[in-house]
**Student:** 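Can you read through this structure? Questions will come right after.
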Amino acid sequence: MNDKESAADFIRTIIAEDLASGKHQAIVTRFPPEPNGYLHVGHAKAICLDFGVAAEFGGRCHLRFDDTNPAKEEQHYIDAIKEDVRWLGFDWGEHLYHASDYFEQLYDWACFLISAGLAYVEEQSAEAVRKNRGDLTSPGVNSPFRDRPIEESLDLFARMRAGEFEDGAKILRAKIDMASHNMVLRDPAIYRIQHRSHPRTGDAWCIYPMYDFAHGQSDAIEGITHSLCTMEFENHRPLYDWFTSHLPVPAVPRQYEFARLNLSYTMTSKRKLKQLVDEGVVSSWDDPRMPTLSGMRRRGFTPTSIRNFCATIGIKRTEGTVDYSLLESILRDDLNDVAPRRMAVLDPLKVVIGNWPAGHVEMVEAMNHPGKPELGTREIPFSGELWIEREDFREQAPGKYFRLKPGAEVRFRYGYYLTCTGFETDDKGEVTVVRCSYDPESKGGNTADERKVKGTIHWVSSAHAIASEVRLYDHLFREIVPGANGDFMDDLNPDSLTMVMAQLEPSMMDVAVGEVVQFERSGYFCMDRDSSADKPVFNRTVALRDSWAKLEKKLNQGPSEGA
RNA sequence: AACCUGGUGGUGUAAUUGGUAACACAUCUGGUUUUGGUCCAGACAUUUCAGGUUCAAGUCCUGGCCGGGUUGCCA
């Protein structure tokens, strides 16, 4: 399946205009994650925008790590982020940068600001600073240090860098407007002291620039033309512009904001996802239930499906919540196209064919993809003892139930027509064996008389089957918007993971870790890295659409209770 | 209640910038089918409300209503 084209959203419109008017000769964007966690679908939206727009307009996109807070950042996050961006299908080429690459320049610019009377060293406590900032409806109060001599601030700032003061003892603040309606402009902190080693600069620094002081300037240094970010930074744009207009930066980039992605039944918040990992709710950042790119990869999502999803949801400034079913639909679309078909029984029930020659095994031919004959066929062993899906047999069933029931004839896909002649149960009434007879003239699934057999079910020869652990997933949360009514942890779905022991057709031995196949009539499954030579493990990526389930639900709701 | 932003079907997007509201998902009906899958056909909104400008308004103006963001030495 090819990538869906992205519509001309407001950002692409602006870029096209900037190029047409000659404002820019070429465009440069950047994707700037903080390496404090793993990337999730929300980031995919940003990545597809940043890299996508650059590619469409013949520009380039940088990967820049926003590593200004060593308290939260780690090298392994950096490595994982790079892997995820590459997996999604994007390439930053030579343009890998870090905000920390610019620490020396940023320091110089901070001194420049102090010298220009536009920044000062603050010595009030964090609490006092907060108190004096005022609130949403009342202006703040100027700091007693606001008008201290420039030389004094310069000296103090140098000593901050030299490590003379403890964490929190002082900060550097920009001198803007304590009465601004925009809180971000009330003399924002631009440097803080943190005696902590940084994943890249080690112990070279004990003062670190704040996001606001690093981002726009980093953009300027790299020649970013369009700095795209999410709406929560909208209030920061005036500050972004304040720095680039008061500092001798080499270029003046522009920031544009778009709405972040919200997906139903999950969440796109690094902080909350980290909590799920830290509290052991999920096994890891790449748990297949996680909306992280690594989790989705392990689950069996294709990069194409995620890119198509991002193209479909579009870019706007309005918040909304996308139906998870849209993602699933786009995923199925791609998987239907690329996934080879196989047979597997998730909830095995034994079928014994009474008139089958004892000990006889026959090979039947099955297509690897009904829609793509060019993908060839494979041979599957058929015998007198088979596994079928427990739900494919009913002792009593409504007329619309086309599967196995006493007296009914159904087609065993690619095999034979079987007619149910009886069944056995245990003391609890649970069906243990279904007895059938087969029509020797129906090999392959057709007969000369062309009689209609409505039902077709999948099967696996019990003597040849491979036992496998299969992990079935459901939404991680029960609520469309987890946490909407309180703590999101209260909305966890206790049934988000179910494990079953399935029986697979022998050819499944050749599936590779990470490969996705369709278990016919069931869903798409991806071989997990937990697989071993003697026990494969599969994750259900997504189930097939199930119109029978809907029909049956309706039948059961009807006036006369269904079977 | 301050400032900033936004409001098109159940959901996500579109509408040549003032000219018969389009597409996808979801839902419901049918048809095809050796996957109750795929595929095909059909149904499903007078654009938050009230006024105004205009031959003509989802697009422009005024007011109301509703939503999101903002008071880190996080990003």
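Numbered from 1 within each chain, the chains take letters A, B, ... in sequence-line order.
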**Student:** Heavy atoms only, 4.0 Å cut-off, all strands: where does A:Met367 land among base, sugar-phosphate and nothing?
**Tutor:**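 Contact class for A:Met367: none.
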**Student:** With rounding to whole Å, what would you report as the distance between B:U8 and B:U48 at their P atoms?
**Tutor:**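 Per the computed distance, 6 Å lies between those P atoms.
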**Student:** Please give me every residue in residues 132-140 of chain A whose heavy atoms get under 4.0 Å of an atom in RNA chain B, ordered by residue number.
**Tutor:**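 Those residues are A:Arg133, A:Gly134, A:Asp135, A:Leu136, A:Thr137.
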**Student:** Rounding to the closest angstrom, what is the interatomic distance between B:U32 and B:C40 at atom C1'?
**Tutor:**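 Per the computed distance, 7 Å lies between those C1' atoms.
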**Student:** Could you walk me through whether A:Arg341 and A:His458 pass side chain to side chain contact (heavy atoms under 4.5 Å, CB included), step by step?
**Tutor:** CA-CA 11 Å; A:Arg341 310 293 121 124; A:His458 60 277; over 6 Å; no
**Student:** All N/O contacts under 3.5 Å from nucleotides 30-33 of chain B to the protein, with atom names and distances to one decimal?
**Tutor:**
none

**Student:** Against A:Tyr208, only a single residue in A:Phe103, A:Tyr191, A:Phe213 fulfils ring-ring contact (aromatic ring centres under 6.0 Å, His included); can you say which?
**Tutor:** A:Phe103
**Student:** Considering only the P atoms, how many Å lie between B:U38 and B:A24, rounded to the nearest integer?
**Tutor:**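 Rounded to whole Å, the distance is 15 Å.
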**Student:** Examine A:Tyr438 together with A:Tyr416 and report whether their ring centres are nearer than 6.0 Å.
**Tutor:**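 Yes.
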**Student:** Which part of the nucleic acid, if any, lies within contact of A:Pro370, taking any heavy atom under 4.0 Å across all strands shown: a base, the sugar-phosphate backbone alone, or nothing?
**Tutor:** base
**Student:** Can you confirm if the aromatic rings of A:Tyr240 and A:Phe233 lie within a centre distance of less than 6.0 Å?
**Tutor:**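 No.
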**Student:** Between A:Asn69 and A:Glu34, is there a side-chain donor-acceptor contact under 3.5 Å, judged purely by atom types and distance?
**Tutor:** no
**Student:** Under 4.0 Å, heavy atoms only, any strand: does A:Tyr417 hit a base, just the sugar-phosphate, or nothing?
**Tutor:** nothing
**Student:** According to side chain to side chain contact (heavy atoms under 4.5 Å, CB included), who are the partners of A:Ala502, at least two apart in sequence or on a separate chain?
**Tutor:**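 Scan of A:Ala502 (side chain to side chain contact (heavy atoms under 4.5 Å, CB included), adjacent residues dropped) gives A:Leu346, A:Val470, A:Leu504.
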**Student:** Quick one: does A:Gln518 reach the base of B:U35 with a side-chain donor-acceptor pair under 3.5 Å?
**Tutor:**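 For A:Gln518, whose side chain was compared with the base of B:U35, there is a donor-acceptor pair (under 3.5 Å).
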**Student:** When rounded to the nearest Å, what value does the distance between C1' atoms of B:G9 and B:U13 take?
**Tutor:**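 Straight-line distance between the two C1' atoms is 12 Å.
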**Student:** Reading RNA chain B 5' to 3', how would its secondary structure be written in dot-bracket notation, given Watson-Crick and G-U pairs with both distances under 3.5 Å, brackets [ ] for crossing pairs and | for partners on other strands?
**Tutor:** .((((((..((((.....[..)))).(((((.......)))))....(((((..]....))))))))))).....
**Student:** So for A:Arg130 and B:U71, does any side-chain atom that can act as donor or acceptor lie under 3.5 Å from a complementary atom in the base?
**Tutor:** no
**Student:** For B:G7 versus B:C49, give the span between their C1' atoms, rounded off to a whole number of Å.
**Tutor:**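 So the two C1' atoms sit 11 Å from each other.
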**Student:** Could you tell me if A:Arg161 sits above the aromatic ring of A:Tyr107, with its cationic atom closer than 6.0 Å to the ring centre and no more than 45 degrees from the axis?
**Tutor:**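 Judged by the rule (NZ or CZ under 6.0 Å from the ring centre, within 45° of its axis), A:Arg161 counts as positioned above A:Tyr107.
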**Student:** For B:G67 and B:G30, measure between their P atoms and round to the nearest Å.
**Tutor:**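 After rounding to an integer number of Å, I get 41 Å for this pair.
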**Student:** Looking for any heavy atom pair under 4.0 Å, which part of the strands does A:Thr68 touch: base, sugar-phosphate only, or nothing?
**Tutor:** sugar-phosphate
**Student:** Under 4.0 Å, heavy atoms only, any strand: does A:His458 hit a base, just the sugar-phosphate, or nothing?
**Tutor:** nothing
**Student:** Describe the nucleic acid contact of A:Asn446 in one word from base, sugar-phosphate, nothing, applying a heavy-atom distance below 4.0 Å.
**Tutor:** base
**Student:** List the steps, then state whether ring pair (Phe, Tyr, Trp, His ring centres under 6.0 Å) holds for A:Phe525 with A:Phe519.
**Tutor:** CA-CA 7 Å; A:Phe525 294 75; A:Phe519 290 2; 4.0 Å; yes
**Student:** Could you list the residues that satisfy side chain to side chain contact (heavy atoms under 4.5 Å, CB included) with A:Glu127, not counting sequence neighbours?
**Tutor:** A:Ser125, A:Arg130
**Student:** Using atom C1' in both nucleotides, what's the gap between B:C3 and B:A43 to the nearest angstrom?
**Tutor:**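 Taking atom C1' in both B:C3 and B:A43, they lie 47 Å apart.
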**Student:** Step through it carefully: locate the ring centre of A:Phe243, locate the ring centre of A:Trp109, and say whether they are under 6.0 Å apart.
**Tutor:** no
**Student:** Any residue in residues 156-174 of chain A with a heavy atom nearer than 4.0 angstrom to RNA chain B? Just list them by number, or reply none.
**Tutor:**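 Listed by number, they are A:Gly168, A:Ile171.
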